[in-house]
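See below for the structure under consideration.
These figures come from a predicted structure and were not determined experimentally. Values below: all heavy atoms of this structure, side chains included; hydrogens, waters and symmetry mates excluded.
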There are 2 protein chains.
Amino acid sequence: MRRSNRSVILTSIYRDGPLSRYELGHQTSLSAASVSNLVGELLDEGVVEEAGSVESDGGRPRVLLRVAPTFGYVVGAEVGETRVRVELFDLAMKVLATAVYPIETAKPAPELAVKYVLQGLNAVIGEVGISPGQVLGMGVAVAGVVEGPADAIVHAQTLGWDAVPLGAMLAAGTDIPIQVDNGANTLGQAEMWFGAGRGATDAVVALVGSGVGAALVTGGSSYRGTRSSAGEWGHTTIVYGGRKCRCGAEGCLEAYVGAEGVLERFQLANGGQPAPGGDEEAAFIGVLDSVGTSEVAAKVVEDTIGYLGAGFANLVNLFNPERIVLGGWSGLLLGERYLPQLREAVGKHALRQPYAQVSIELCELGRDAVAMGAATLPVLRLLREGGATPREPGLVARAR
Amino acid sequence: MRRSNRSVILTSIYRDGPLSRYELGHQTSLSAASVSNLVGELLDEGVVEEAGSVESDGGRPRVLLRVAPTFGYVVGAEVGETRVRVELFDLAMKVLATAVYPIETAKPAPELAVKYVLQGLNAVIGEVGISPGQVLGMGVAVAGVVEGPADAIVHAQTLGWDAVPLGAMLAAGTDIPIQVDNGANTLGQAEMWFGAGRGATDAVVALVGSGVGAALVTGGSSYRGTRSSAGEWGHTTIVYGGRKCRCGAEGCLEAYVGAEGVLERFQLANGGQPAPGGDEEAAFIGVLDSVGTSEVAAKVVEDTIGYLGAGFANLVNLFNPERIVLGGWSGLLLGERYLPQLREAVGKHALRQPYAQVSIELCELGRDAVAMGAATLPVLRLLREGGATPREPGLVARAR
DNA sequence: GACCTAAGTTCACGATTTGTAGGAAGTCCG
DNA sequence: CGGACTTCCTACAAATCGTGAACTTAGGTC
């Protein structure tokens with residue numbers, strides 16, 4: 001009731017930049033009196049602060065309001081295959097401190113990841129010198145399926161994790177509230193709030209890297225399905241009976257447009273000769289750069305765009321989104337060079353009607369946005385709850 | 001505010017069968033006092049009525065409440081390629097009258113469809129002898145993309161309609177409120193409320209007939225996308241570079257599992273010899289029945305199940321639904337015979353995690369449920385508005 | 001310095017929800 | 001047959017919350 005309206009106002013102030021009370025009234029269709037009331041409360045609590053004023057032809061100037069960037073802090077962590085990255089942000093999402101821990105082993109034990117995340121949490125808080133009580137929460141992004149927000153059971157093929165209760169494990173080591181989510185979803189969230197997805201309510205953020213995934217955004221919030229494993233776009237069949245995918249099935253999109261799949265296809269077309277380059281990324285760039293000189297490379301890249309276009313078209317036809325945002329490291333490399341061709345390929349496979357309504361863009365935030373997206377999880381909760389639920393400044397991270 | 005609570009209570013009563021005030025309090029998490037208040041209002045207005053009582057061990061018996069079936073009536077219309085079907089229901093969704101008008105021409109003019117729908121509306125109301133003012137509204141299902149609920153611009157390839165403002169055209173001929181929606185969506189709605197989808201909140205109702213489509217249900221209500229053309233599952237690419245589809249693209253699912261596509265594939269595999277049988281349906285049944293004797297038929301059907309399984313798997317991976325319901329005339333014919341094989345085929349293409357969480361079922365309502373689903377549109381509005389918005393008994397259908 | 005415009009605030013009112021207590025409708029047991 | 005008991009439903013007062021109208025504040029203009 002009242003909380004709901006607080007939430008609406010706070011969200012409006014946060015999402016639509018500095019606003020005056022007057023504009024707030026219009027945006028939220030609440031009466032000026034209510035706005036004044038609730039804003040007064042939020043000001044008293046310190047969540048919101050005044051930020052200059054704007055002349056308004058002739059009359060009293062409007063006082064602008066914004067969410068106080070230092071009202072609280074949020075932490076975002078990314079648990080990837082090769083590293084754990086922890087970042088501290090203020091509420092304006094400015095990075096204040098970063099801690100990175102490389103992971104050398106191929107299939108790291110969950111305990112190691114937990115240790116690094118907690119260590120990083122301690123480190124970034126210590127570096128900036130804020131009190132733990134000021135940290136509203138920590139979001140943790142992990143490359144796998146995350147079941148339910150309760151214990152956050154994680155299934156991650158690439159990490160070798162099966163039913164790891166990551167949320168519970170982390171919560172046991174700190175008093176700071178923990179939220180765990182899929183990395184694709186958090187990156188999607190970051191792009192929707194601060195990147196190429198701004199303003200859209202129905203969108204898909206497609207991530208093409210070594211693997212392929214997507215975050216589905218419906219009605220402004222990300223869609224998770226029954227048990228939060230929605231968005232596995234990479235393992236939709238696009239060539240029935242086609243190439244074997246690492247998921248075990250045949251003809252998955254990932255086997256054709258994921259970087260690994262592209263390099264394998266190149267090697268196959270190149271008479272068994274792999275693409276030169278130290279790591280996967282170098283090799284992928286090598287293929288892209290040799291398009292002008294190598295017919296094999298040209299064909300492989302052209303096909304990749306075709307497959308990707310068909311994959312996008314499937315999203316367009318099924319979801320009728322207003323925007324599709326392409327990200328992921330190899331997706332961006334492709335998109336930077338071939339966006340027009342990609343759009344054309346989508347048009348070839350999509351229905352005219354929904355195709356005319358979708359715009360296809362590139363991610364604007366870098367790869368590190370995964371952690372930032374994770375950090376938006378506690379922010380989202382702050383907005384949803386319409387302000388802070390006070391928390392005793394407790395334990396940052398228990399020694400393990 | 002109050003209306004919202006009325007809506008919650010009314011919806012609960014409608015969806016969860018006869019309920020006592022006591023149970024309502026629990027379900028809606030409203031106080032007993034509020035429930036009593038609002039139920040009193042609803043009883044006074046006649047939307048809700050008492051329906052017997054149930055002993056409650058020892059104490060005062062609970063009085064059951066239900067939505068009064070004769071509080072109002074709703075009409076559902078189906079505009080198909082070969083017929084216009086109009087049905088009148090009471091609020092318990094019992095059919096009270098039916099009117100069917102065959103369409104002989106291949107691409108009927110929109111005006112003809114409008115004429116039949118209005119004529120049917122008149123006919124069913126006249127047959128039962130109720131006052132037009134008692135009709136809460138008419139839902140119209142049409143085989144095509146319906147844009148926006150305002151004017152309801154219809155794009156229907158199969159009917160040859162391009163940007164037909166069907167909603168506005170119908171509204172001009174009657175004072176009864178009109179709602180237009182896609183036929184796949186309305187059938188999906190019917191199955192979700194009264195058929196195989198009962199109880200599920202995230203589901204997909206897949207329709208396989210001559211063409212192929214799907215209704216996506218997310219969080220209990222059907223998902224429409226930016227401009228209500230979501231759910232075009234039939235035109236997702238499943239065989240990259242494969243068979244030409246009537247939509248113009250290549251390798252669409254519809255070209256493989258739609259009845260038309262199946263028959264074409266049979267003819268191709270049969271050395272150009274088409275399947276015997278007068279119309280499409282007879283021919284399709286013919287193919288199914290000859291599986292035991294004809295190797296060609298066996299292969300075609302087996303492949304069809306495979307393609308359909310992959311198409312289902314795509315839905316499973318992307319949406320993580322809790323249920324998939326297969327309907328449509330040819331889909332049902334296939335499903336009745338090969339549901340276990342289909343489930344197995346889905347398992348081959350889907351990820352283990354989401355596959356384990358989905359159940360695959362057959363539609364329980366017949367093909368005529370399209371009109372019934374359309375009739376749920378006004379019911380849905382009644383529930384959303386928490387009761388009746390009184391309307392002067394006006395014009396049923398103006399002469400044209 | 002008076003007047004004008006527009007923004008923000010205060011206050012009383014109406015609408016609603018919610019505890020709480022009491023009434024109603026049965027069963028059970030002597 | 002009737003009192004005690006259980007359970008469901010409702011009436012009343014108290015508290016909460018949003019809204020409209022009047023009022024105050026802040027700056028510009030002549």
Give every donor-acceptor pair under 3.5 Å between a side-chain atom in residues 188-196 of chain B and any protein atom, sequence neighbours left out.
from: Glu191(B); atom 1: OE1; to: Ala196(B); atom 2: N; distance (Å): 2.8
from: Glu191(B); atom 1: OE1; to: Glu364(B); atom 2: N; distance (Å): 3.2
from: Glu191(B); atom 1: OE2; to: Glu364(B); atom 2: N; distance (Å): 3.2
from: Glu191(B); atom 1: OE2; to: Leu365(B); atom 2: N; distance (Å): 2.8

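We find the OG1-CG distance between Thr218(A) and Leu216(B) to be 10.5 Å, quoted to the nearest 0.5 Å. Leu170(B) contributes atom CG, which lies 12.0 Å from atom CD of Gln179(B) (distance to the nearest 0.5 angstrom).
Scanning for ring-ring contact (aromatic ring centres under 6.0 Å, His included) contacts around Tyr22(A) gives His26(A), with sequence neighbours left out. Applying the side chain to side chain donor-acceptor pair (under 3.5 Å) test to Arg323(A) and every residue at least two apart in sequence or in another chain returns nothing. Scored by the side chain to side chain donor-acceptor pair (under 3.5 Å) test, Asp202(B) finds Tyr223(A) as partners (sequence neighbours excluded).
Using a 4.0 Å cut-off between charged side-chain N and carboxylate O, Glu147(A) and Arg224(A) make no salt bridge. Salt bridge absent: Glu87(B) and Lys94(B) never bring a charged side-chain N and a carboxylate O closer than 4.0 Å.
In this entry the distance linking CZ of Arg3(A) with C1' of dT16(D) reads 15 Å, nearest Å. Distance Glu50(B) CD to dC9(D) P: 9 Å, rounded to the nearest Å.
Residues from residues 19-44 of chain B lying near DNA chain D, meaning a heavy-atom separation below 4.0 Å, are Arg21(B), Tyr22(B), Ala32(B), Ala33(B), Ser36(B) in numerical order.
Looking at Arg60(B), its side chain has no donor and acceptor atom pair within 3.5 Å of the base of dA25(C).
At its two ends the helix from dG1(C)-dC30(D) to dG30(C)-dC1(D) runs along axes set 10° apart, each axis drawn from five pairs and the angle rounded to 10°.
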